**Student:** 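The following block contains the structure, expressed as structure tokens.
Counting starts at 1 for both ligands and their atoms, following the listed order. What you see is a predicted model; the values in this text were computed from it and never measured.
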Amino acid sequence: MEKFDYAIIGAGPGGYVSAIRAAQLGLKTALIEKDERLGGTCLNVGCIPSKALLESSELFYQAGHKFKEHGIIIDNVRSDLPIMMTRKNIIVKTLTDGIDDLMKKNQVSVLCGTGRLSSSDSITVQNGNETTSIEANALLLAMGSIPIELPFMPFDGKYIVNSTDALSFDAVPERLIVVGAGAIGLELGCVWSRLGSKVSAVEMLPQIAPFADRQMSIMLQRSLKSQGLEFYLGSTVTGAEVKTGRVSLTFEDAKGEIKTLDGDRILVAVGRKPNSRNTGLKDIGVNIEKNGSIPVDLNFQTNIQGVYAIGDLIHGPMLAHKAEDEGIAVAEIVAHHRRTGLRTRPSNQAGNPGHVNYDTIPNVIYTSPELAVVGLSEEQAKEKNIKYKTGKFYFRGNGRALSLGETDGLVKILAEEETGKLLGVHILGPRASDLIAEAVIAMEFGVTAEKLARTIHAHPTLSEAVKEAAMAVNKRSIHG
Ligand code: NAI
């Protein structure tokens, strides 16, 4: 039986990144993946294909609605869905092939098949009729998550669909009903709305993008409504029926009235659950919570010594970049253990801190405008009894946003009242996904709003809106 220092089940962003980091640190590493392609949900049926379609659909929308104001006249703008889908598939393939190359370059052994723990230091890999067994000193569980199904309306792949199906529709649905106005519901709702669907979103909570600061959520909803999306908030879905190629969704709205929506398809996007089943975890005694989540200690170790878990399998937001950083941390912890025999967290001095800062994980929804967040919302700051000041700057006052024709939205900064330290940064606007990086770095290094305000930002850029919001914290915004 081949023996490894480190074996990982699941080649999503958590698993494959951990494999590379482990190889860099000299660990003999195996990466086990059941799907044909590496990259997991993120690369194959999540972040990347959705961004490809968001870009194509946004360009189509702009050509039809916004080019005129630039003096660009295109008559009869049409979309070609098969070309869009091919482009999306090529992007996915380029990236997943790239991971194959990275594995080769780093001498990570990739084992194709379904991994199953047979003990705390051995895994069987089943690929069709072939079974391979390997041993490893440390095991990482990185199997990710799967879409949650509503029990009374199971996925059928055609009419009641999940996010994977909604990335590959063969035609633009005339009417698309979306259940759940979180990240997936909003992003895929936007894709199909821009391509011509009438999209209605039914959300259980009183606001869309529930993790977001309330003001930002309201503004995003307003923008999306102006683009044609329809929202039913505070609504409880009670059932769905498929009849003669059409679907209808029944729900109780916020006023307690029973409503029915008819459409071509229903996208159910009510969250994802940890994919912790069928991996032999229970047989070897790994604790699993009722929702499938795996409890881990500060070093990402499960209750079984030498068995670690990360990403969507454990607590915290289900985000690719969170999984990546956890994967790096575990590789550093495992390498430290092998080097020293200690099961403690490695010291920062070695440059391999094995640590994730959960207070500075950015969260982005790639709608137009984009919503990007790091740190606390106003509601969370109030709940924690933290005294704070806010500074806001609207993109309509930013020259670059005006020249882009993207003036919807604002930057809002929360800073601790006494120290001025940044508590949260919320950006709704063009390229918010890129702008948030500055805020993440600032928060990671404990920067104050004043320090951010006194940092020179290039002119004319969207990033000046961040500087202006920081200045506004101390009531001295220049252009606001
Ligand atoms: P989500 O947790 O973001 O949103 C689910 C929404 O469904 C919530 O607003 C929730 O209140 C609502 N909901 C739950 N049950 C419902 C019901 N019975 N009826 C109506 N509404 C209901 O989950 P989502 O959008 O499915 O995404 C899954 C995971 O993937 C999330 O953790 C998300 O962070 C991640 N993701 C991240 C993306 C990004 O970073 N841009 C993109 C897509 C997904």
**Student:** Decide whether an N or O pair under 3.5 Å exists between R272 and ligand 1.
**Tutor:**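 By distance alone, the answer is no.
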
**Student:** List ligand 1 atoms under 4.0 Å from Y366, heavy atoms only on the residue side.
**Tutor:**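 Per the distance check, 41 (N).
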
**Student:** Quick one: which ligand 1 atoms are inside 4.0 Å of a heavy atom on L150?
**Tutor:** 18 (N)

**Student:** Measure the distance from atom 26 (O) of ligand 1 to every protein heavy atom, then report the residue, atom name and distance (to 0.1 Å) of the closest one.
**Tutor:**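 So the nearest neighbour among protein heavy atoms is G271 N, 2.8 Å.
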
**Student:** Which residue and non-hydrogen atom of the protein lie closest to atom 34 (O) of ligand 1, and at what distance in Å?
**Tutor:** M318 O, 3.6 Å

**Student:** Below 4.0 angstrom, N of the basic side chain to O of the carboxylate: do K322 and E326 qualify?
**Tutor:**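 Counted as a salt bridge, because a side-chain N and a carboxylate O are separated by less than 4.0 Å.
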
**Student:** Give the atom numbers and elements of ligand 1 that come within less than 4.0 Å of a heavy atom of G180.
**Tutor:**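 It comes down to these atoms of ligand 1: 6 (C), 7 (O), 12 (C), 21 (N).
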
**Student:** Among side-chain atoms of R194 and Q227, is any donor-acceptor pair under 3.5 angstrom?
**Tutor:** no

**Student:** Looking only at side chains, do Y61 and S193 share a donor and an acceptor under 3.5 Å apart?
**Tutor:**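 The criterion, which ignores hydrogens and geometry beyond distance, is not satisfied for S193 and Y61.
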
**Student:** What about E203: any of its N or O atoms under 3.5 Å from an N or O on ligand 1?
**Tutor:** yes

**Student:** Find out whether V242 and K158 are in side-chain contact, i.e. whether some heavy atom of one side chain is under 4.5 Å from a heavy atom of the other.
**Tutor:** no

**Student:** Give a yes/no verdict on whether any heavy atom in P317 is under 4.0 Å from an atom of ligand 1.
**Tutor:**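 No, that is not the case, since the closest heavy atom of the residue is not under 4.0 Å from the ligand.
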
**Student:** Tell me, which protein residue and heavy-atom name are nearest atom 21 (N) of ligand 1, and how many Å apart are they?
**Tutor:** M204 N, 3.2 Å

**Student:** Testing the 3.5 Å rule here: is there a donor-acceptor pair between the side chains of T114 and Q126?
**Tutor:** no

**Student:** If you measure every N or O of A183 against every N or O of ligand 1, does any of those distances drop under 3.5 Å?
**Tutor:** yes

**Student:** Looking only at non-hydrogen atoms, find the nearest pair between I184 and S163 and report the distance.
**Tutor:**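 So the two residues come closest at CG2-CB, 3.6 Å.
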
**Student:** Taking only heavy atoms of A269 into account, list the atoms of ligand 1 that are under 4.0 Å away from them.
**Tutor:** 5 (C), 6 (C), 7 (O), 26 (O)

**Student:** Can you sort out which atoms of ligand 1 are near V364, meaning under 4.0 Å from one of its heavy atoms?
**Tutor:**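 Answer, ordered by atom number: 39 (C), 40 (O), 41 (N).
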
**Student:** I184 to ligand 1: N or O pair under 3.5 Å?
**Tutor:** yes

